[in-house]
Every structure is written in C-alpha cells, then in structure tokens.
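Here is the structure we will look at.
Values reported hereafter were calculated over all heavy atoms of this structure, with side chains retained and with hydrogens, waters and symmetry mates removed. Remember, it's 1-based here, ligands and their atoms both numbered in the order they're listed.
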Amino acid sequence: MCGIVGYVGKQNAVPVLISGLQSLEYRGYDSAGVAVLEENSIGIRKTKGKVDNLRNLLLNEPVSGNIGIGHTRWATHGAPSDMNAHPHFSNDDSIAVVHNGIIENYQELKDELEKKGYEFYSETDTETVAHLIHYFYKQGNDLLEAVRKTLERIEGSYALGVLCTDYPDQLIAARKESPLIVGLGKGENFIASDIPAILNYTKDAYILGDKELAVIKSDDVKLYDIKGNEIEREVYTYKWDVEAAQKNGYEHFMLKEIYEQPKVVKDNLSKRFSEDGKSIELDGIKLGKKELENINQIYIVACGTAYYAGLIGKYLLERIVRIPVNADVASEFRYKDPLIDEKTLVMVISQSGETADTHSALKLAKSKGARVLGVVNAVGSSIARDADDVLYTLAGFEIAVASTKAFSAQVVAMYLITLHIAQELGKIDEKEFAEIKKAMDNLPSQINDILNKAVLKIRGFVDKYIESKNVFYIGRGLDYVVGMEGSLKLKEIAYLHSEPYAAGELKHGPIALIEEATLVVGVVTQEALFDKTKSNIKEVKARGAKVLAIAMEGNSSIEDVADDVIYIPRTHWMLTSLLANIPQQLFAYYMALGLGEDIDKPRNLAKSVTVE
Ligand code: AGP
C-alpha cells in the first residue's frame, strides 16, 4: 500500500530514490521521505504530500550519499503528516527504516519498548521496528541478526528497508506478505516494491519470498531465510521496458491505459488459442476433462474491479457450462467460513497479485482443500506464487489507480476460461465455438473503433452531465454487471456518488431516488433483454431522469427513450461487456477531467491494497 525504493552504488542515491518513488506513487501518495547515509550520519528528509513536495524540500535542504532508502506512503497508522512520514529512525538516529505493511502487534511492542526507555515520536506502527532493531543491535552488534530477531517478534505484514550508520556499505531488506524485489545492476543494486521504480537501471531482480531477508551491497547481494540460512534464488528478468512505465504523450496514465486495450486484448487472444483455432490453451494449466469432472462448484473471489470481472465470469460459466458458481468479494469470503472443499475450483482474480484480502482468501481456500486458479497480472506476485495454477492476464504495467486495461484483460480471461471449461465438458459444439472465436478475433479492432468514435461524442456531451450529483447505472444480466464497473470508475476518479442497479429491481425501492435531471446510464447491449431494460429506462425518464444509453449497433430504437446513445459494434452476446465498458471508462475519465480531479491519483486510494 506504500512504495519502497532503496539504492546502493556509486551514484548519488537521491535522484535514484526520487525517480523511483515517483514511479511508485500509484501505491500511495500522502507523504514521502528519504534517508541517505552521509559521512557518519543518516540524513532524513520527509514531508506530508506527494513526492513533488519531497523533491522541493530536498532542493532547500539537500542530502547526498551513495546509499539510501525512500518511501511514499498510504496512511494506515496515524494521519498523513511530516512526523508520520517514513523513514522512521531509532532514538540515536543510527538506524532508519522504511516499511510497507501493518505491524499488528505494534501496541504490545511499543509498550515493551517504552518500558525499556525508547521514546516514540510518531503515531505509526513502523517506529516500533526501528526501535526493536536498535534494541537487538545493541545486544549483539550484528545488524542482520538484529533485523532477523525483530522479524521474529513482528506479527503482520512487512516489506522493509533498513539503513545503519555502522554499515556504510549496505542496506538490509526483508519481506512478508508485502511485495519487495532486489534489483540487480552493475556495481549498484536496488530494492523496490515494484519494478517500475528501477526500470531505468535494470530489468533483473530477485523476487523476495515471504520471511526472506537480503543484505545488499553495491557489488554483492546475499539472501537469507528467517532462520539466517543463506538461500539461492534465480534471477528474474522483467520483459517490460521503460516506456511502459511512462505516459508517452498522454495527459494521464489512465488515458494511455484505456488506449492500450486493443493491444492488450489482442495479446491475450493471440496466445491462448491452439494453432488451428479450435481449442484454448491456458498457459499449460492442467484443468482438463478429468480434473473438471471432479469439480462440483466454482467460487470466484476478488476485490473491486477484479471482482466485477469475476462476476462476468460467473454469469458466463453458469449460463454456458451450467455449473454452480459463487462469487464473493475477498474481504467477505475470508471471514464467512465459505462452503468449499476439494471439489471446489476457487478462482482468485487480481491485477497486482498482492491484494491482502484476495491473498488471504486464496490461503483459506487452499487450507480447505480447494484447487486455486489465480488470474493475475503481476508476474511473480504473492497470489501468482501461491495459487495452484496461474493464468496471467498480459496487461503490462497498469499505473493509474483506476483499473482499465487490467479489467479488460481479466474479462478476456473469463471468456477463455469459460470456453475452455465448456469445451472440456462438452457444453459447447464446434460450430458455436468457432462463431465465438470469430467474434473474439474482432474485439481489438472493435475497441479501436469505439475509442475513435465514442471519444468525440463523450467529450461533446460531458458538459451536459457534469453537474450531476447522483448517477445510476442500470442494466440486466451482463449489462448490470458491467454497470457496476462503470459506476465504480465514476466514484473513484470523479468522486461522484453513483450506484449500479439491476434494472428490474428499480421499482422495488431505488426508483424513489430518481428526480428531475438525475443521470441514469442505461446499459442495453444484451439483445435478449433489450425490451425489458428499455421499459425500465422509460420508467426513469417518466420521472425526470436524463438518460445516457450504451447500446449495440442496430438497436437504434433506444433513441426513443435516451437523451444520448453510444453504440458499440455488433458482437456475440457473451462479449458485449468488454465493449460496453470502454465508453464507461471514457465517460468517467472525461467527467473527472471536467471536474478537475487528480485522475491518476484519486484521493484516499492506492493501487495495490496490501493491507486489510
Ligand atoms: C480499480 O479501479 C480499483 N482501483 C480497485 O477496485 C482494484 O481493482 C482492487 O483493489 C483489486 O486490486 P487487484 O486487482 O490488484 O487485486
């Protein structure tokens, strides 16, 4: 939930840390700081606000040195403030720590340390780590051992970077349930919460595992387990390039990522069909007839946007495969003692692969004997590592907090998984499969088409809707689900109150909220349900609503009831959600732009939610 970066080498660490932190701002941006080893002391600069504030602070009060750690924060313990910003340091300023995660037993540790005479200055849980390391260091004069002993006392999650004045040539890193990689350069090495932070310098890294530590020097990296045994790790080479982490001329990452969707969908499709196009190949995942016949239900678990992609999967699997599918948000699933066993296939979906609730849901599912299929974007992430099988969504970096291209890739994954299971279980014939495949092949160019046409239309009518205070998304079936995603996007980046409703449910209560000029987005791409939803639109129109409809080409009678219509190209019924969501993304984007909001870094949010 926070971003960490660290550097050991020959350059001045500060610019490396600042550019790294800037690439990690998607993980949190309410305060930032750096600690740099100077001659015989640690120079710490930290401040409330974004990394730009820190950059300005450093211009007035510079620090320099060849080893340093940096942090950009999403507050959990203690409000965003200068004092609560990381790094935190020991009372004698000899040890500095940056931390991402939550120390659950921090109060107990704090009480203990206060009794030993340690003074606390911040409201954070992290400060206990700095004092505890100091305490153990004073016992044995061995920094690695002191960090290791500290980790044994800590309950919760952590990615840590530690500096000590007595060790002017190294920094120590450790992780448990919060991501951390050790970047490997030539004569310089790094730590980072995520690869974009260090892509300017290297693509090679060790991905640290849970309860592992690293001692990082400019020319040497050693990895240890929590018991202090040295361990080996293969170097992982990231395939993404620097441009992937830059805006490339777009005003916001979100817009860039929206425009990357034709390629993302194409990449996902081109790699997942057999050469003759007659079957699906899911990265060698062993979910064949035998395994699938042993499964009597599917459970889909995820958070936020990933959950909505999962709901699309639920609708499709139930309708096409005729297997019972449950779907839950991970934060509910993990505490409800779900009805799953070894005959359940649990599908967890996550862009980051680090979402704490989803990861815990995965572990719970495994402990109950279920087989877990991870649908994950971030290679080597915790969820990808712990799932029994992984289908990567090949969306590339997604930097904007509001997920767009990762959602599309997840939806394509739902299409592929549904078709694969249907085929293995004989629930779809060759003809229908071929028909859907043909429609899928058209998706990239159809998305392009929507991007080209809808953008002008949406920009043209955004002014008309910008004053809206409440927005309702209505639809039936898959249109209802895709409306959930549209509504979330509008909340996240335009800060508009918006709610998705099953169109047929309106009359059971929510319609009471419709008044003169309330904006209703009607998603009507499911032709079998077109007339039904059109009637519901008429009902809200009759009560004064303004209606923006998203419909499939050829269904122009929707213009009788809607104020504005955006058409998506004609496609197979199971694929409409992917297309219908593109105008929704653009609408949220241009509404937020019109309202002057910080689109890539919406308030109170962070990209990767690694705390509960
Ligand atoms: C999407 O726009 C959101 N920022 C959020 O709902 C996100 O999808 C959710 O936190 C899940 O993240 P994950 O896919 O990385 O697990």
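With Gln585 as the partner, the side-chain hydrogen bond (donor to acceptor under 3.5 Å, both in side chains) test is satisfied by one option alone out of Gln261, Glu485, Lys489: Gln261. Across Tyr589, Tyr26, Tyr259, a single residue satisfies ring-ring contact (aromatic ring centres under 6.0 Å, His included) together with His252, and that is Tyr589.
Taking a heavy-atom cut-off of under 4.0 Å, ligand 1 is surrounded by Cys303, Gly304, Thr305, Ala306, Ser350, Gln351, Ser352, Thr355, Val401, Ala402, Ser403, Leu488, Lys489, Glu492.
Partners of Arg603 under the salt bridge (charged side-chain N to carboxylate O under 4.0 Å, His left out) rule, at least two apart in sequence or in another chain, do not exist in this structure.
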Does the pair Asp564 and Lys457 meet the rule for a salt bridge (charged side-chain N to carboxylate O under 4.0 Å, His left out), with working shown?
CA-CA 9 Å; Asp564 289 293; Lys457 237 180 163 174; over 6 Å; no
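For the residue pair Ile550 and Thr525, the shortest heavy atom distance occurs at O-CG2, 3.7 Å.
To the nearest 0.5 angstrom, Leu490 atom CG is 4.5 Å from Tyr473 atom OH.
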